[in-house]
Amino acid sequence: MVSEREQISKKVAWIALVSNLILMIGKIFFGLFGGSEAVFADGIHSGADVVASIAVLAVVGISNKPPDKDHPFGHGKAEVISEAIVGIILIIVSIYILVEAILAFFDKPGVPQYSALIAAIISYIAKEILYRYSIKQGRKWNSKAIIAIAYDHKGDIVASLAAFIGVLLAIIGNAIGWTFLLYADAIASALVAYFVFRIAMELVKPSVDVLMEKSVDQDLLDGYESTIHEFYQVKRIDRIRAREHGHYKILDVRLSLNHDLTIKQGHDIARDIKNEILNKYPDVGEVLIHINPYYIEPTEKTNLQKMQ
């Protein structure tokens, strides 16, 4: 049975795929025939977005699969892989756009048409709406795949804005005879490359951190520890580790309980702690608890005797 989370993820990815396809065709067409390097570059960016949307669609179903024999911790990292793929695609696109922008400075600049200006405005408005929708759903469902799509839209927002300003300045420059402003379109194309690259790095870095199993923030670890210490039977937390596994986290804890407790008592305490953490932190998918026997150290015995 398909979960609501998977349905929403696929819906967001399909909306992104269709909208990016339409925008890609429109911006490449008006970039070429409207004489704008910046709008054309933005169209190439949208073409990369189409590929990115397909990549996200391919892994959404995988990431929501339950654990199995080959993947006992689940398939959550599939979303991280899609996030990295989107980032790498955008890095390649940013390099291509930058090279084309540099080459444009060695040619005689053309005069962009108003159609290119309109294409940039439409792209900006469409991407602003898509970004707001995608980031809302991504945060609601804690989906790295959806958030990757949202950041992709965010890159298009700044790219379309840069393209719009570049085309507008070039048109104004041509109208008033300031020919140097005709290069504003090529400069805007270079800015598009820069903004696309920045967005790409915002996707690649965290995905690499997850794949390298970087620890979660200390604030989260402190919260887990506080929850565990609510159980008076816990004498000491010997070790606590947590890592992201896509859209959920895995917590690994070693606890010390009194050595004279039975196996059943220790098991019941560990189960209660696990359930409390899962209830309190919905983004935690698994809690692994190892119990160590706790003995009162000689110094502690002496201190207790002095207090009595």
Side-chain angles (χ1 to χ4, degrees), residues 1 3-6 9 62-81 83 138-145 147 205-308:
M1 185 176 179
S3 65
E4 185 179 0
R5 183 180 186 278
E6 184 176 345
S9 298
I62 298 173
S63 67
N64 287 284
K65 285 183 178 179
D68 55 31
K69 183 179 178 181
D70 294 326
H71 306 88
F73 294 105
H75 301 76
K77 282 191 177 179
E79 288 193 1
V80 182
I81 294 171
E83 186 180 38
R139 288 170 178 169
K140 178 181 178 181
W141 296 99
N142 192 28
S143 171
K144 291 189 176 297
I147 290 174
K205 187 180 182 302
S207 63
V208 170
D209 286 341
V210 173
L211 291 173
M212 293 295 291
E213 299 197 336
K214 180 183 176 182
S215 178
V216 301
D217 292 339
Q218 187 60 44
D219 289 344
L220 269 178
L221 288 176
D222 292 342
Y224 301 148
E225 287 191 27
S226 297
T227 300
I228 294 169
H229 280 304
E230 291 174 6
F231 293 81
Y232 70 92
Q233 301 96 330
V234 176
K235 299 300 180 181
R236 184 176 62 228
I237 298 177
D238 299 312
R239 189 173 189 179
I240 182 167
R241 298 180 296 180
R243 64 189 187 276
E244 290 194 36
H245 201 83
H247 57 276
Y248 54 88
K249 297 177 178 65
I250 296 177
L251 181 61
D252 182 7
V253 187
R254 296 184 183 183
L255 305 174
S256 285
L257 305 179
N258 273 335
H259 69 280
D260 54 358
L261 294 177
T262 65
I263 293 175
K264 183 181 183 307
Q265 288 173 321
H267 170 270
D268 291 345
I269 294 168
R271 179 200 60 206
D272 292 343
I273 292 173
K274 176 179 178 178
N275 289 337
E276 181 64 20
I277 291 173
L278 291 176
N279 290 331
K280 199 169 183 179
Y281 299 93
D283 61 339
V284 174
E286 181 62 274
V287 181
L288 307 172
I289 299 179
H290 175 82
I291 302 297
N292 292 324
Y294 178 78
Y295 297 90
I296 298 179
E297 300 292 336
T299 53
E300 292 181 84
K301 285 184 178 180
T302 303
N303 292 334
L304 285 172
Q305 290 170 353
K306 289 180 179 179
M307 292 173 63
Q308 290 175 349

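- Put simply, CD on E230 and CD on E225 are 12.5 Å apart, with the number rounded to the nearest 0.5 Å.
- Between Q233 and L257 the shortest heavy-atom distance is O-CD2, 3.3 Å.
- Of all heavy-atom pairs between L221 and R241, the closest is CD2-C, 4.4 Å.
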- Query: What do the steps show when you test V234 against I273 for side-chain contact (heavy atoms from CB on, under 4.5 Å), and what is the final call?
  - Reply: CA-CA 10 Å; V234 176; I273 292 173; 3.7 Å; yes
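- Shown here for L251 and Y224, the closest heavy-atom pair between the two residues is CD1-CD1, 3.7 Å.
- Taken to the nearest 0.5 Å, the CG atom of D268 stands 12.0 Å off from the CD1 atom of I263.
- I277 has its side chain within reach of I228: a pair of non-hydrogen atoms, C-beta onward, lies under 4.5 Å apart.
- Residues I237 and L255 are in side-chain contact: their nearest non-hydrogen atoms beyond the backbone lie under 4.5 Å apart.
- A donor-acceptor contact shorter than 3.5 Å links the side chain of Y281 to the backbone of G223.
- The two residues D238 and S256 come nearest to each other via the heavy atoms OD2-OG, 2.6 Å.
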- Item | Test log, rule side-chain contact (heavy atoms from CB on, under 4.5 Å), inputs I269 and L261 | CA-CA 10 Å; I269 294 168; L261 294 177; 3.9 Å; yes
- Pair K249-L220, side-chain contact (heavy atoms from CB on, under 4.5 Å): steps then yes or no: CA-CA 11 Å; K249 297 177 178 65; L220 269 178; 3.5 Å; yes
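- The two residues E286 and L278 come nearest to each other via the heavy atoms N-CD2, 4.4 Å.
- Taking all atoms of both residues into account, the shortest heavy-atom contact from Q265 to T262 is OE1-N, 2.8 Å.
- Atom CD of residue E244 and atom CG of residue D283 lie 8.0 Å apart, to the nearest 0.5 angstrom.
- For D217, the CG atom is loosely surrounded, since the number of other residues' heavy atoms within 6.0 Å does not exceed 12.
- To the nearest 0.5 Å, the span separating NE2 on H267 from CD1 on I291 amounts to 10.0 Å.
- With a 6.0 Å radius and a threshold of 12 heavy atoms from other residues, nucleotides or ligands, R139 has its CZ atom at or below the threshold.
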